[in-house]
There are 2 protein chains.
Amino acid sequence: MKAKKVGKIREHNSQKILLAAEQEFVKHGYKGTSMQVIADAADLPKANVLYYFKSKGALYAAVLTDILERWNEVLDELSEDDDPAETLARYIEVKVDLSISFPSASKIFAMEIIQGAPHLQDHLRTDMRRWVKDKSRIIESWISQGKMASVDPEHLIFMIWSCTQHYADFETQVLTVSNKQEYDSEDVQAIKNFLCHMILAGCGLEVPKEN
Amino acid sequence: MKAKKVGKIREHNSQKILLAAEQEFVKHGYKGTSMQVIADAADLPKANVLYYFKSKGALYAAVLTDILERWNEVLDELSEDDDPAETLARYIEVKVDLSISFPSASKIFAMEIIQGAPHLQDHLRTDMRRWVKDKSRIIESWISQGKMASVDPEHLIFMIWSCTQHYADFETQVLTVSNKQEYDSEDVQAIKNFLCHMILAGCGLEVPKEN
DNA sequence: GTCTATACAAGGATAGAC
DNA sequence: GTCTATCCTTGTATAGAC
């Protein structure tokens, strides 16, 4: 009974800390963020944060793991028999939604990569490389089936990533240049329409009507 | 005579510091980088760095100014009478070359934006917004002249930026996933071909033969 | 003009009181 | 299980010797 109650507190506090850490790490990167500001943002004493997570590095690793889990849920099932236009359009739209909904996640991931991926090299070399190879094979089979134009599958994947994540990572730039406070639902739809049109056109495909 | 000689030393050391600062800021961001590591990288005593640049903030500002100056040299003259296919293709190619040649510049700029552009808000609100408006007007005139398909000019510009800078900012990801050590000249050509094909196709244009 | 020595604040982590 | 007090390192910046 007592252990259960304590477990709940632990769960609750850990979650609060993870959220606060994500908010703070995005502002000044891993090295530039102190445990003190994370503790303040989580409204807990500094030592408490270090009690739940053994070290600053461990906390950061936990944040990254959280982000990657959210990422990995997308486009995990994909087959040669799927329709390229529909599949690519849906993937682009989901990526845009993720970027708009969880910009901090995309930003922390981006900073980690920009700085040379010191905490994610293994993930890039194993999981992500395998993921890209898998999807590339499917795209190549679509091409040889004549379902779409012949374009380099890896570069296509990189392009989708860069264009969609741009609206999260470079949010500040996009909004400031466009003189907006935040994205509204019309903006999001316009982004999806634009990216689907451009990328599918490059693949010799038409944007599917429904959705 | 003496002042001239000293001026040369000053020039030389300032340049060394700026270069070292760029190399170091890119690894851990503004807050995460200490004056000590910059001084070590420049092979000068720490106090010497603070002698040439009044403060850490001033040094960082100088690095950003340097980067923006290199950026701004591109596509500054552009007219309604230019050919869209040729102009866009050349712009994409120059941006790719810049990304491959000066990845650190692109990365520092990216981190600054990701973190909310605390040191560049003015630049975004004034110079960059004006730049984007100017170019958008030209693109719109191309569209109404029937020279290219009707696409949103601002999103087109954002797309070119994101796709080209991706090869600098996400260098680590691209290279690791592709299992390469660095970009070779064939890679660079493949990137240019791919991006030109995709973006021009989306604009209803053909990639020009020569170049 | 250049660099050594130092002031003073803030960082991560831990020991031990509650 | 939670938090206060503290240790030691590192950070920016400057004063003053050379």
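The shown structure was predicted, so the numbers you read here are calculated from the model rather than taken from an experiment. Per chain, numbering begins at 1; letters A, B, ... match sequence-line order. Side-chain atoms are counted along with the backbone in the values below, which use heavy atoms only and exclude waters and symmetry mates.
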note: Ile38(B), atom CD1; dA13(D), atom P; distance rounded to Å ~ 11 Å
Taking only N and O in the side chain of Tyr52(B), is any of them less than 4.0 Å away from OP1 or OP2 of dG1(C)?
-> no
Partners passing side chain to side chain donor-acceptor pair (under 3.5 Å) against Ser106(A) (at least two apart in sequence or in another chain) = Asp169(A)
Pairing residues for Thr87(B) by the side-chain contact (heavy atoms from CB on, under 4.5 Å) criterion, not counting sequence neighbours = Leu75(B), Leu78(B), Asp82(B), Trp142(B)
Could you pull out the closest heavy-atom pair between Met198(B) and Ile199(A), with the gap in Å?
-> CE-O, 3.5 Å
Roughly, in whole Å, what's the span from OH in Tyr51(B) to C1' in dA15(D)?
-> 15 Å
Polar-atom pairs under 3.5 Å, protein N or O versus N or O of nucleotides 11-18 of chain C: list them with distances, or write none.
{"residue": "dG11(C)", "atom": "OP1", "partner": "Ser34(A)", "partner atom": "OG", "Å": "3.4"}
{"residue": "dG12(C)", "atom": "OP1", "partner": "Thr33(A)", "partner atom": "O", "Å": "3.4"}
{"residue": "dG12(C)", "atom": "OP1", "partner": "Met35(A)", "partner atom": "N", "Å": "3.3"}
{"residue": "dG12(C)", "atom": "OP1", "partner": "Lys56(A)", "partner atom": "NZ", "Å": "3.2"}
{"residue": "dG12(C)", "atom": "OP2", "partner": "Met35(A)", "partner atom": "N", "Å": "2.8"}
{"residue": "dG12(C)", "atom": "N7", "partner": "Lys46(A)", "partner atom": "NZ", "Å": "3.2"}
{"residue": "dA13(C)", "atom": "OP2", "partner": "Lys56(A)", "partner atom": "N", "Å": "3.1"}
{"residue": "dA13(C)", "atom": "N6", "partner": "Lys46(A)", "partner atom": "NZ", "Å": "3.4"}

From CG of Leu44(B) across to C1' of dG1(C) the rounded distance in Å is 13 Å
d(CD, Glu11(A); C1', dG1(D)) in whole Å = 16 Å
Donor-acceptor pairs under 3.5 angstrom involving side-chain atoms of residues 20-29 of chain B: please list them, not counting sequence neighbours.
{"residue": "Glu22(B)", "atom": "OE1", "partner": "Arg70(B)", "partner atom": "NH2", "Å": "3.3"}
{"residue": "Glu24(B)", "atom": "OE1", "partner": "Lys27(B)", "partner atom": "NZ", "Å": "3.4"}
{"residue": "Glu24(B)", "atom": "OE2", "partner": "Lys27(B)", "partner atom": "NZ", "Å": "3.2"}

Applying side-chain contact (heavy atoms from CB on, under 4.5 Å) to Asp97(B) and not counting sequence neighbours gives Val188(B), Lys192(B)
Answer with base, sugar-phosphate or nothing: what part of the nucleic acid does Phe53(A) contact at a heavy-atom distance below 4.0 Å?
-> nothing
Residue pairs passing the side-chain hydrogen bond (donor to acceptor under 3.5 Å, both in side chains) test where at least one lies in residues 55-69 of chain B, sequence neighbours excluded | Tyr60(B)-Glu112(B)
